[in-house]
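Order of listing sets the numbers, starting from 1, for every ligand and every atom in it.
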Amino acid sequence: MERSLAGVRALVTGAGGGIGRAIAVRLAAGGCRMSVADIRTDKNEQTAALIRQAGGEALALTVDMARRGDIDRMVAETVAAWGGLDCLVNNAGVGAAGFIEQVADGDIEHTYAVNLVGVLRATRAAAPHLKKSGRGRIVNIASVEGIRGSGLLPVYSSTKAGVIGLTRANAIELARFGVTVNALCPGPIQTDMLAPLIADPKYREKTIRGIPMRRLGVPEDVAGVVAFLASDEASFITGNTIVIDGGMTVKAL
Ligand SMILES: NC(=O)c1ccc[n+]([C@@H]2O[C@H](COP(=O)([O-])OP(=O)(O)OC[C@H]3O[C@@H](n4cnc5c(N)ncnc54)[C@H](O)[C@@H]3O)[C@@H](O)[C@H]2O)c1
């Protein structure tokens with residue numbers, strides 16, 4: 001693989017599995033020095049081991065994105081290890097399903113804390129370092145559910161819509177420092193988050209029927225776009241929301 005990201009210092013949250021692991025492995029393959037962060041130490045160490053086995057450099061950090069102290073430590077330890085930070089990928093997220101009259105307070109608070117407040121705090125902690133970088137990048141993993149409506153996902157959808165709004169605000173503020181900020185909106189991607197839903201063959205079939213490309217996404221579909229946004233080729237792209245869903249959201253029927 002072309003090492004167009006050689007020397008780029010990157011931090012990926014939620015890197016212990018699914019989309020986050022694929023992003024971390026892809027950025028490392030491009031030459032990034034990686035900090036990988038996750039609440040699950042075991043899974044996160046596996047991601048770091050995969051990167052090292054492939055000849056890359058990785059620092060594994062156990063972090064709960066719902067805790068401010070953890071987030072500040074994550075950024076500080078990354079900067080101490082690599083001497084700075086060029087690329088932050090806010091990927092960690094949790095799902096929350098339930099119609100509006102059934103949503104529990106605990107679910108509201110936790111989902112907002114991880115999916116939206118965690119992204120905001122990580123961005124706040126990383127911003128001074130990304131500004132110093134001169135070619136800083138923030139990639140926020142939102143969701144198609146932050147754009148379209150889904151009655152079963154009021155909490156999740158509103159956190160992801162919030163991430164899109166935050167992306168636009170940060171893009172404007174940080175543009176003059178050479179920092180780009182973009183949001184990715186994946187459709188259904190085969191990971192642990194989606195597994196309970198697609199375990200039901202009827203739901204799986206219905207979901208695939210709604211996707212013009214007639215397949216579910218895989219984490220690498222997202223990882224490649226992150227690698228592009230992290231590269232010099234994408235230095236004039238900011239404030240965007242890039243949908244990665246095989247055509248799902250533009251399909252009328
Ligand atoms: N899978 C999909 O269909 C899909 C679609 C659109 C958007 N997304 C988004 O992509 C991102 C990654 O999701 P995924 O599908 O890979 O899910 P996943 O559940 O496979 O992976 C999420 C990772 O985040 C970690 N995590 C959870 N809570 C955390 C916390 N408090 N602090 C730190 N780490 C934490 C988990 O341990 C896990 O390793 C999420 O933001 C999700 O909302 C997923």
Side-chain angles (χ1 to χ4, degrees), residues 11-26 35-48 50 60-75 88-97 106-107 109-122 139-148 150 152-153 155-164 166-167 183-199 203-204 207-208 210-211 215-223 225-226 241-246 248-249:
L11 165 61
V12 178
T13 68
I19 295 170
R21 175 176 285 175
I23 293 169
V25 167
R26 174 65 185 82
S35 283
V36 291
D38 204 286
I39 197 168
R40 288 276 306 269
T41 305
D42 52 342
K43 292 173 65 190
N44 198 38
E45 290 287 356
Q46 283 169 15
T47 302
L50 281 172
L61 301 166
T62 301
V63 172
D64 181 351
M65 291 301 292
R67 297 168 71 102
R68 180 195 165 163
D70 280 19
I71 294 171
D72 290 345
R73 177 177 52 78
M74 167 182 82
V75 172
L88 168 67
V89 183
N90 284 307
N91 165 80
V94 290
D107 277 349
E109 279 149 26
H110 184 64
T111 311
Y112 266 78
V114 177
N115 291 13
L116 183 53
V117 181
V119 174
L120 212 149
R121 285 185 170 141
V139 183
N140 294 326
I141 309 301
S143 168
V144 290
E145 304 301 348
I147 299 174
R148 68 172 194 170
S150 180
L152 193 61
L153 300 170
V155 179
Y156 183 77
S157 296
S158 55
T159 64
K160 294 300 187 178
V163 168
I164 293 169
L166 181 67
T167 300
L184 301 188
C185 292
I189 308 289
Q190 291 182 70
T191 66
D192 288 353
M193 187 180 277
L194 197 68
L197 295 173
I198 59 172
Y203 183 87
R204 186 189 168 88
T207 304
I208 292 174
I211 300 173
R215 67 167 175 89
L216 298 170
V218 290
E220 290 70 23
D221 290 323
V222 182
V225 182
V226 177
T241 301
I242 301 176
V243 176
I244 307 167
D245 71 347
M248 187 177 82
T249 46

D192 heavy atoms within 4.0 Å reach ligand 1 at atoms 20 (O)
Candidates I147, T167, V144, N140 - the one meeting side-chain contact (heavy atoms from CB on, under 4.5 Å) with T241 =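 So, applying the side-chain contact (heavy atoms from CB on, under 4.5 Å) to T241 and each of I147, T167, V144, N140, only I147 qualifies.
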Protein heavy atom at shortest distance from atom 29 (C) of ligand 1 =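 Answer for atom 29 (C) of ligand 1: I39 CG2, 3.7 Å.
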To which protein heavy atom is atom 32 (N) of ligand 1 closest, and what is the distance rounded to 0.1 Å?
->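 Among all protein heavy atoms, the one nearest atom 32 (N) of ligand 1 is M65 N, 2.9 Å.
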For ligand 1, is [X] a contact, meaning one of its heavy atoms is under 4.0 Å away?
X	result
R21	no
G187	yes
D38	yes

Side-chain polar contacts of residues 13-22 - donor-acceptor pairs under 3.5 angstrom, sequence neighbours left out - could you list them?
unit_1 : atom_1 : unit_2 : atom_2 : d
T13    : OG1    : N91    : N      : 2.9
T13    : OG1    : A92    : N      : 2.9
R21    : NE     : T47    : OG1    : 2.8
R21    : NH2    : G16    : O      : 3.1
R21    : NH2    : K43    : O      : 2.9
R21    : NH2    : Q46    : OE1    : 3.3
R21    : NH2    : T47    : OG1    : 3.4

Regarding [atom]: of the candidates [options], which has the closest heavy atom?
atom	options	answer
atom 7 (C) of ligand 1	G146, A195, G93, A142	A142
atom 21 (O) of ligand 1	A113, G17, A15	G17
atom 40 (C) of ligand 1	I141, V218, N91	N91

Using a 4.0 Å heavy-atom cut-off, say whether P188 meets ligand 1 through its side chain, its backbone, both or neither.
->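 For P188, the contact with ligand 1 is made by the backbone alone.
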Within reach of ligand 1, part of K43 (heavy-atom separation under 4.0 Å) |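 The answer is the side chain of K43.
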Worked check of side-chain contact (heavy atoms from CB on, under 4.5 Å) between L184 and V226 = CA-CA 8 Å; L184 301 188; V226 177; 3.5 Å; yes
Lys/Arg-Asp/Glu bridge criterion (N-O < 4.0 Å) met for R148, D245 = no
Side-chain atoms of residues 186-195: list all donor-acceptor pairs with protein atoms under 3.5 Å, sequence neighbours left out, distances to 0.1 Å.
unit_1 : atom_1 : unit_2 : atom_2 : d
T191   : OG1    : M193   : N      : 3.2

